[in-house]
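Since this is a predicted model, take the numbers as computed values, not measurements. Here is the naming used below: chain letters follow the sequence lines, and residue numbers restart at 1 for every chain.
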There are 2 protein chains.
Amino acid sequence: MEVQTSQNTADKIKAVSLSLFARKGFEGTSLAEIASRVGIKKPSLYAHFKNKEDIFLAVIDKVMADYIAYFETVANKLVNRQAEEKLFILLKENTDYLRDEELGLIWKRMMLFPHETLKEKLKEKFLASEEKMTGTILAILKELKEDGIIQENTEEVLDAYYCLMDGTFEQVFYYPEIEHKRRLQHSWQVFWKGIKR
Amino acid sequence: MEVQTSQNTADKIKAVSLSLFARKGFEGTSLAEIASRVGIKKPSLYAHFKNKEDIFLAVIDKVMADYIAYFETVANKLVNRQAEEKLFILLKENTDYLRDEELGLIWKRMMLFPHETLKEKLKEKFLASEEKMTGTILAILKELKEDGIIQENTEEVLDAYYCLMDGTFEQVFYYPEIEHKRRLQHSWQVFWKGIKR
DNA sequence: GTCTATAAAAGGATAGAC
DNA sequence: GTCTATCCTTTTATAGAC
């Protein structure tokens, strides 16, 4: 296994494209600008990718894979923690990860305004990661219920938790980090009081 | 004051453009398609608007004005209601209004992915409507506190309420109406339990 | 105000030399 | 793999007749 000391051209194209697609969207990004930032000429892009859509898909694949890999590391952080902590860490780590501006932006764009021709492909990938998340949350809730810490209505708690997650996710983009942290803390406190026995 | 029996051309352009900008974004929408849907030729657009950006700004102005007008009618619905109800109605009406697909979509696009050159202008308009909202919410919270119904920490409650609002707003776009209604109900219940004394 | 005609630029994509 | 040169299409925008 070779150690990669510097990015090859294809990786550079993906990195540059991620940044541009995130900030300007698919239509708003031109191949000319991608090539220029990579430091090559436009036609050279076609030596690495079939066309513009192909570049976009490669970027998305990487984003998804990275996110799922990240989620695994978070899941590992949860072992040996109190159930209450687990629930909070899951929430916090998720927003921290997506706060990385470009990553969060392209993730958001994908989910909210999927490119028409890629809608199906995106939805499929997205659902897979959502299932994992729900499984992890449900396991924590079960633990909390068995210990008699929270109320019995799992569906209510799950719905409220996802709403909390979506709300904090959305707010990552509006507010500076310090303000967002306060909002997250407050929202979490109210949520926790709301689900306790 | 004349009664407008049918839309004039400028209004038709705005209506058609709203729909297209909402679904395809600024770059994804062409003047050719706007003109075609209005039923005129492309160059005729320039008799009504200076350029593409000008059309976009006119659309946004209308969206903002409509939203603020709607908010006024909601505020009127609140009088003579219990404070708890007021808080819930505000939440529910807001998502109901934004559920209108195109309206919600363009609203979302504006806030999350403002067109680079228009960022400042959009933020300004948006902040005005947000201030009104916060004023209304704070008045309700004051009422609830004076009656000893909710806890004293206003900032915590306000932050959690906005998170709830942002979460339900986001979910309007993911889930069908019936499922969204259930999620809203559950999230509200947990929130309410969380802020009560 | 609407049209035809046309400009001027930018976009994605290919051919072929090196 | 990268380049120059080029193609084709689409896009925004203007000129000028009616």
Side-chain angles (χ1 to χ4, degrees), chain A residues 2 4-62 106 109 113-119 121, chain B residues 2 4-62 106 109 113-119 121:
Chain A
E2 292 234 8
Q4 193 80 35
T5 51
S6 78
Q7 276 185 319
N8 61 32
T9 306
D11 284 341
K12 244 187 252 165
I13 293 171
K14 276 193 268 182
V16 162
S17 301
L18 166 63
S19 167
L20 288 172
F21 284 141
R23 288 187 291 110
K24 305 180 161 198
F26 185 80
E27 285 90 358
T29 300
S30 72
L31 295 182
E33 192 170 4
I34 294 174
S36 153
R37 297 206 178 205
V38 171
I40 58 178
K41 300 295 177 184
K42 216 172 25 161
S44 304
L45 294 171
Y46 290 87
H48 305 274
F49 298 93
K50 227 178 64 210
N51 52 32
K52 191 181 177 183
E53 251 188 25
D54 195 31
I55 298 179
F56 185 73
L57 278 176
V59 168
I60 296 304
D61 270 342
K62 188 167 161 25
I106 203 160
R109 248 189 225 278
F113 306 111
H115 192 248
E116 201 59 44
T117 62
L118 307 174
K119 233 172 186 163
K121 259 188 140 152
Chain B
E2 292 233 7
Q4 193 80 35
T5 51
S6 79
Q7 275 186 320
N8 61 33
T9 306
D11 285 341
K12 245 186 252 165
I13 293 172
K14 275 193 269 182
V16 162
S17 301
L18 165 63
S19 167
L20 288 171
F21 284 141
R23 288 186 291 110
K24 306 181 162 198
F26 185 80
E27 285 89 359
T29 299
S30 74
L31 296 180
E33 192 170 3
I34 294 174
S36 153
R37 297 205 179 205
V38 172
I40 59 177
K41 299 296 177 184
K42 225 180 1 173
S44 304
L45 294 172
Y46 291 87
H48 304 276
F49 298 93
K50 227 177 64 210
N51 53 32
K52 191 180 177 183
E53 253 190 22
D54 195 31
I55 297 179
F56 185 73
L57 279 176
V59 167
I60 296 305
D61 270 341
K62 189 168 159 24
I106 202 159
R109 250 189 223 276
F113 308 113
H115 193 248
E116 202 59 44
T117 62
L118 307 174
K119 232 171 187 165
K121 262 188 138 151

(request) Quick one: do K24(B) and E33(B) satisfy salt bridge (Lys or Arg N to Asp or Glu O under 4.0 Å)? Show the steps, please. (result) CA-CA 11 Å; K24(B) 306 181 162 198; E33(B) 192 170 3; 3.1 Å; yes
(message) Checking I40(B) against K12(B) for the side-chain contact (heavy atoms from CB on, under 4.5 Å) test, could you report, in this order, the C-alpha distance in whole Å, the side-chain angles of both residues, the deciding distance, and whether it holds?
(response) CA-CA 11 Å; I40(B) 59 177; K12(B) 245 186 252 165; over 6 Å; no
(request) Decide side-chain contact (heavy atoms from CB on, under 4.5 Å) for H48(A) and T9(A); before the verdict, give the C-alpha distance in whole Å, the side-chain angles of both, and the deciding distance to 0.1 Å. (result) CA-CA 8 Å; H48(A) 305 274; T9(A) 306; 3.5 Å; yes
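How far OH of Y46(A) is from CD1 of I55(A): 7.5 Å, rounded to the nearest 0.5 Å.
Rounded to whole Å, the distance from CD on E33(B) to P on dT9(D) is 19 Å. Across the protein-nucleic acid pair, H48(B) atom NE2 and dT2(C) atom C1' stand 8 Å apart, rounded to whole Å. Here the C1' atom of nucleotide dC3(D) and the CD1 atom of I40(A) are 11 Å apart, to the nearest Å. The distance from atom NZ of K41(A) to atom C1' of dT6(D) is 16 Å, rounded to the nearest whole Å.
Sorted pairs that involve residues 51-60 of chain A and meet salt bridge (charged side-chain N to carboxylate O under 4.0 Å, His left out), not counting sequence neighbours, are lacking altogether.
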(message) I'd like to compare against my own output: the B/S/- annotation of nucleotides 5-18 of chain C with a strict under-4.0 Å heavy-atom distance to protein.
(response) B-----SBBBB---
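Of the side-chain N and O atoms in T9(B), none sit less than 4.0 angstrom from OP1 or OP2 of dG1(C). Proximity of S44(A) to the phosphate of dC3(D): a side-chain N or O atom is located under 4.0 Å from OP1 or OP2.
Below 30°, between 30° and 60°, or above 60°: for H115(A) and F26(A) the angle between ring planes is between 30° and 60°, a tilted geometry.
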